[in-house]
Chemist: 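Take a look at the following structure, please.
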Amino acid sequence: RGGRRLSPTAYLQAFKDLNRDVRLFMVSVVVSGVCYMGLYFLLINLYLLRLGYELEFIGVFVSTGAFSFAVFSLPAGMAGRRFGSRRPMLLGMGVLMLGLGALSVAAWVPAGWRSAWLIFFCGLRELGHAFYMVNTPPYLMGSTTTAERDFAFSLRGTLTPVAAFFGSLIGGVLPRASAFFFGWAEDDPANYMAPLMLSSLLLLPGLVAVWLIREVATETAEPGERGAMPLGLMAAIAAVSGLFIIAASAGQSFYNIYMDTALGVPTYLIGAVASTGQLLTAVTMLAAPALMARWGYGGTFVRMGLGLSLSLLPMVLVPHWLAAGASVVGVAALMSLSFTALAIFHQGLVPVGWRPAMSGASMMAMGVGWGIVSSGGGYFVATWGWVPFFLLGIVGTALGMGLFWWRFSKWHNY
């Protein structure tokens with residue numbers, strides 16, 4: 001393994017040492033972090049609330065995205081095996097841009113068509129997201145050397161939250177600025193349209209960056225060079241991935257609604273909490289190469305995954321925005337670390353030609369897990385409340401860590 005302890009200055013130098021294509025790829029990471037992980041995810045549920053939708057529909061909307069991501073993940077992996085990673089990522093970025101733009105103008109759609117419009121373009125959005133996300137681990141594996149790999153993956157995990165930090169910070173302020181500038185009421189959905197539309201338009205530089213990168217030749221190995229499909233490994237990683245994502249889904253799908261409706265927290269403060277979580281994630285990811293060098297990819301995944309599940313405890317124990325903020329920050333930071341370690345772990349388990357399929361299986365399972373939690377979450381909370389919901393998240397992810405350790409304990413130092 002090429003893990004090493006890197007200071008921020010060493011990160012800058014290591015970034016300069018990466019080849020042109022990896023640096024261009026990181027541009028797409030920054031852009032998607034600002035637009036999608038930051039601005040869009042902060043505001044979309046609050047936009048739906050202002051459009052008059054209840055928690056149950058929002059849960060269906062979120063789960064539509066998650067299940068769509070799951071459905072399209074395997075085709076995305078197949079496309080990566082057939083065409084290489086670049087073209088599926090390019091398609092994904094373009095479709096994601098279209099989906100975000102269409103969702104932003106939902107307030108202009110006639111009321112009778114609005115729900116169908118939201119559900120359709122939520123699914124289309126995740127088609128694009130799946131094709132981009134599934135093919136990024138194989139691309140990074142194929143475009144870096146063994147010595148560069150830990151750094152490249154941790155850099156991706158660092159840049160995403162830094163970008164999302166700025167996206168969340170901007171997103172938390174823009175609705176209030178719109179209300180002030182135009183004289184609209186603070187709960188007018190029009191305040192959310194322009195920021196969400198901006199999240200679509202700003203994806204264009206990322207689309208151009210992916211267009212400019214070159215394909216990694218080793219990803220398009222002939223079928224005979226791949227060997228038999230590693231179904232046992234893929235099924236085990238899929239099961240672990242589906243359980244692992246439960247705490248993150250419980251914490252991230254509804255935290256803005258919880259803080260808005262249950263705690264009465266204003267949008268700008270929700271944005272500040274989310275952006276703090278993203279910033280801490282970036283700082284934490286600076287330690288990722290050292291952690292993976294010390295504990296291995298499997299050991300890092302288990303430790304960070306258990307921390308992720310326990311991060312929900314403050315929200316369970318204390319109904320205050322500071323406790324909720326601590327949970328949001330913890331989930332964001334440990335989710336990124338554990339996801340990075342798992343991605344490198346499962347990509348190293350299989351031959352090069354099966355890497356896109358393994359990535360697709362893992363992300364499909366995460367989409368299913370996220371979809372189950374978010375689809376039932378709205379109804380569950382409406383019936384039993386927030387505390388049992390967050391407790392289920394803790395238990396689900398802890399079970400995933402136990403399953404991983406039981407199945408892959410002999411590789412825990414890998």
Side-chain angles (χ1 to χ4, degrees), residues 33 36-38 40-42 44-45 59 62 65-66 157-158 160-165 167-168 171-172 240-260 262-263 265 269-285 287-288 291 300-343 366-367 369-374 377 380-381 386-401:
Y36 188 54
M37 304 305 294
Y40 171 83
F41 265 114
L42 174 71
I44 187 62
N45 286 349
V62 173
T158 302
T160 297
V162 168
F165 164 78
S168 298
V240 169
S241 299
L243 289 169
F244 154 67
I245 207 68
I246 291 176
S249 177
Q252 294 187 333
S253 294
F254 295 102
Y255 80 90
N256 45 10
I257 298 175
Y258 171 67
M259 295 180 76
D260 182 82
L263 302 180
V265 179
L269 189 52
I270 298 175
V273 167
S275 61
T276 301
Q278 301 293 358
L279 192 59
L280 183 60
T281 300
V283 174
T284 305
M285 285 302 298
L291 294 177
T300 302
F301 172 64
V302 170
R303 288 171 172 84
M304 298 302 104
L306 288 173
L308 166 64
S309 67
L310 295 176
S311 293
L312 291 176
L313 273 179
M315 265 199 292
V316 170
L317 299 175
V318 183
H320 190 275
W321 75 266
L322 283 173
S327 288
V328 170
V329 168
V331 167
L334 296 176
M335 167 68 182
S336 187
L337 259 173
S338 49
F339 176 84
T340 298
L342 177 62
M366 288 188 192
W370 197 290
I372 290 173
V373 173
S374 56
F380 188 97
V381 171
W386 289 103
V387 169
F389 176 67
F390 293 135
L391 282 173
L392 282 177
I394 294 172
V395 172
T397 294
L399 286 174
M401 297 306 100

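One is the number of the first residue; the rest follow in order along the sequence. Being a predicted model, the structure only gives us computed values, none of them experimental.
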Chemist: Just to verify, what does Tyr36 make a side chain to side chain donor-acceptor pair (under 3.5 Å) with, not counting sequence neighbours?
Modeler: Arg125, Glu126
Chemist: My understanding is that only residues two or more places apart in sequence, or in another chain, count here; which of them pass ring-ring contact (aromatic ring centres under 6.0 Å, His included) with Phe390?
Modeler: Tyr258, Trp386
Chemist: Short question: side chain of Ser249, backbone of Ile245 - any donor-acceptor pair under 3.5 Å?
Modeler: no
Chemist: Kindly give the heavy-atom pair with the smallest separation between Ala248 and Val331, and that separation in Å.
Modeler: CA-CG1, 4.0 Å
Chemist: Quick one: side chain to side chain contact (heavy atoms under 4.5 Å, CB included) partners of Ile246, sequence neighbours excluded?
Modeler: Leu243, Val373, Thr397
Chemist: Which residues satisfy the ring-ring contact (aromatic ring centres under 6.0 Å, His included) test with Phe380, sequence neighbours excluded?
Modeler: Trp384
Chemist: How many angstroms lie between atom CZ of Arg303 and atom CG of Leu337, to the nearest 0.5 angstrom?
Modeler: 13.0 Å
Chemist: Would you give the length of the straight line joining atom OG1 of Thr340 to atom CE of Met285, rounded to the nearest 0.5 angstrom?
Modeler: 3.5 Å
Chemist: Would you call Leu42 and Tyr255 a side-chain contact if the rule is heavy atoms closer than 4.5 Å?
Modeler: yes
Chemist: What pairs of donor and acceptor atoms, side-chain ones from residues 305-324 against any protein atom, are under 3.5 angstrom apart with sequence neighbours left out?
Modeler:
| residue | atom | partner | partner atom | Å |
| --- | --- | --- | --- | --- |
| Ser309 | OG | Leu306 | O | 2.7 |
| Ser311 | OG | Gly307 | O | 2.8 |
| His320 | ND1 | Leu322 | N | 3.0 |

Chemist: Compare every heavy atom of Gly393 with every heavy atom of Ala247, then report the nearest pair and how far apart it is.
Modeler: CB-O, 3.3 Å
Chemist: Can you name the closest pair of heavy atoms from Thr281 and Ser336 and give their distance?
Modeler: CG2-CB, 3.4 Å
Chemist: Just jot down the ring-ring contact (aromatic ring centres under 6.0 Å, His included) partners of Phe301, sequence neighbours excluded, or say none.
Modeler: Phe244, Phe404
Chemist: Looking at side-chain heavy atoms only, is the closest gap between Gln252 and Phe41 below 4.5 Å?
Modeler: no
Chemist: Measure the shortest side-chain to side-chain distance between Ser241 and Leu342 over non-hydrogen atoms and say whether it is less than 4.5 angstrom.
Modeler: yes
